[in-house]
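Working notes, beginning with the structure itself.
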Amino acid sequence: MSISVKLDRVLLDRGMSLTELSERVGVTIANLSILKTGKAKAIRFSTLEAICKELDCQPGDILFFEDDGKPSPD
Amino acid sequence: MKAIGKGSLSSILAMGLHITRIIMWIAFGGVTIALIVLPFVPALTMMFGGDADIEGDEFFDVALAFATIAVMLFVVNRLLEILKTLRFGSPFVKENADRFRGVGYALLIGEGAKFAFGFLSMIYDAEVSINSSFITWLAIIAVFVLSEVFREGARMKEEQDLTV
């Protein structure tokens with residue numbers, strides 16, 4: 001997949017657990033796990049907005065475009 | 001009347017199909033026995049001093065019935081599997097698309113068998129009535145279209161499920 005999700009890294013930086021984020025954002029843990037593990041096929045603007053608001057970050061901090069063969073900016 | 005759930009149209013349809021399946025298995029068993037025994041009937045009757053002659057028409061009729069019931073059994077089984085997924089709440093799965101496609105191919109083979117038997121009966125000078133209607137061919141095409149609808153539905157459902 002070309003778009004990778006680095007939610008776990010942002011969560012680690014903020015010292016927040018997935019369960020806590022789930023409660024704050026109002027998205028189930030199952031859905032956040034789908035997002036975290038990169039299995040998600042799409043993300044709603046409303047979900048992205050809520051996550052960014054709670055984690056005090058930009059969408060670009062969570063989502064990265066990975067060109068084929070090139071590594072992500074870690 | 002509701003379409004899904006207990007006492008719904010789908011459960012009535014499933015019950016009807018279960019009954020049909022039982023009747024068809026019995027018919028299939030009978031036709032299979034007839035198909036195996038029929039070639040030996042003249043010899044057996046001669047053994048007992050009788051004189052019975054089996055016409056080619058009868059053999060072709062039984063063989064055609066065997067093929068038709070086999071196809072119908074396959075179709076009924078696939079429909080029951082599809083209804084089962086409907087009862088459990090998620091009919092839009094890739095398997096159902098494959099099942100519909102299987103039904104389409106089975107109906108196609110059934111119609112093909114009719115023509116094959118018709119052709120063979122002409123060669124062997126037997127009189128077998130072959131009925132193939134325009135509606136049947138239309139239904140076969142509709143089943144293939146339905147299969148693609150279910151495939152697209154399954155794809156959309158998967159996308160919906162994986163949208164966060």
Side-chain angles (χ1 to χ4, degrees), chain A residues 1-66 68 72-74, chain B residues 1-11 13-14 75 77-106 108 140-164:
Chain A
M1 195 179 178
S2 296
I3 300 288
S4 65
V5 182
K6 306 287 178 193
L7 184 64
D8 47 355
R9 202 180 63 181
V10 182
L11 279 171
L12 200 71
D13 288 347
R14 305 292 186 274
M16 197 186 286
S17 69
L18 200 68
T19 314
E20 198 181 338
L21 181 68
S22 161
E23 283 164 3
R24 285 192 186 191
V25 172
V27 175
T28 61
I29 297 175
N31 272 346
L32 281 182
S33 290
I34 288 171
L35 182 66
K36 202 179 111 180
T37 52
K39 287 177 188 164
K41 290 213 169 182
I43 180 165
R44 293 186 188 92
F45 275 166
S46 57
T47 309
L48 192 59
E49 190 184 325
I51 290 171
C52 287
K53 195 175 172 184
E54 288 305 324
L55 294 176
D56 190 27
C57 65
Q58 292 298 314
D61 297 330
I62 301 167
L63 305 173
F64 291 95
F65 173 69
E66 280 179 354
D68 290 336
S72 63
D74 271 324
Chain B
M1 196 172 198
K2 57 182 180 174
I4 306 170
K6 213 174 180 182
S8 64
L9 280 172
S10 64
S11 65
L13 183 62
V75 170
N77 279 330
R78 291 296 90 80
L79 287 178
L80 276 168
E81 284 167 5
I82 291 165
L83 282 172
K84 202 168 162 185
T85 61
L86 195 69
R87 280 208 305 279
F88 288 115
S90 183
F92 290 109
V93 287
K94 197 182 155 286
E95 287 76 18
N96 277 353
D98 294 337
R99 282 170 189 137
F100 270 115
R101 183 166 278 225
V103 167
Y105 281 124
L108 209 60
I140 292 170
I141 294 167
V143 167
F144 278 114
V145 171
L146 204 59
S147 156
E148 289 312 304
V149 169
F150 266 78
R151 199 173 300 281
E152 183 62 14
R155 190 194 64 76
M156 285 172 79
K157 191 179 181 304
E158 192 197 358
E159 201 167 281
Q160 174 67 29
D161 288 344
L162 292 176
T163 296
V164 181

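Lettering of chains follows the sequences in order, A, B, ..., and the numbering in each one begins at 1.
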Residues, nucleotides or ligands: over 12 heavy atoms within 6.0 Å of A/E49 CD: no
Residues forming a ring-ring contact (aromatic ring centres under 6.0 Å, His included) with B/F150, sequence neighbours excluded: B/F92, B/F100
For residues 53-60 of chain A, run the donor-acceptor check on the side chains, cut-off 3.5 Å, and write out each pair with its distance to 0.1 Å, sequence neighbours left out.
none

Spatial distance of atom OG1 (B/T163) from atom CZ (A/R44) [nearest 0.5 Å]: 6.0 Å
Atom CE of B/M156: over 12 foreign heavy atoms under 6.0 Å: no
Interface residues of residues 26-35 of chain A facing chain B - non-hydrogen atoms under 4.5 Å apart: A/V27, A/N31, A/I34, A/L35
Residues in side-chain hydrogen bond (donor to acceptor under 3.5 Å, both in side chains) contact with B/R78, at least two apart in sequence or another chain: B/E81
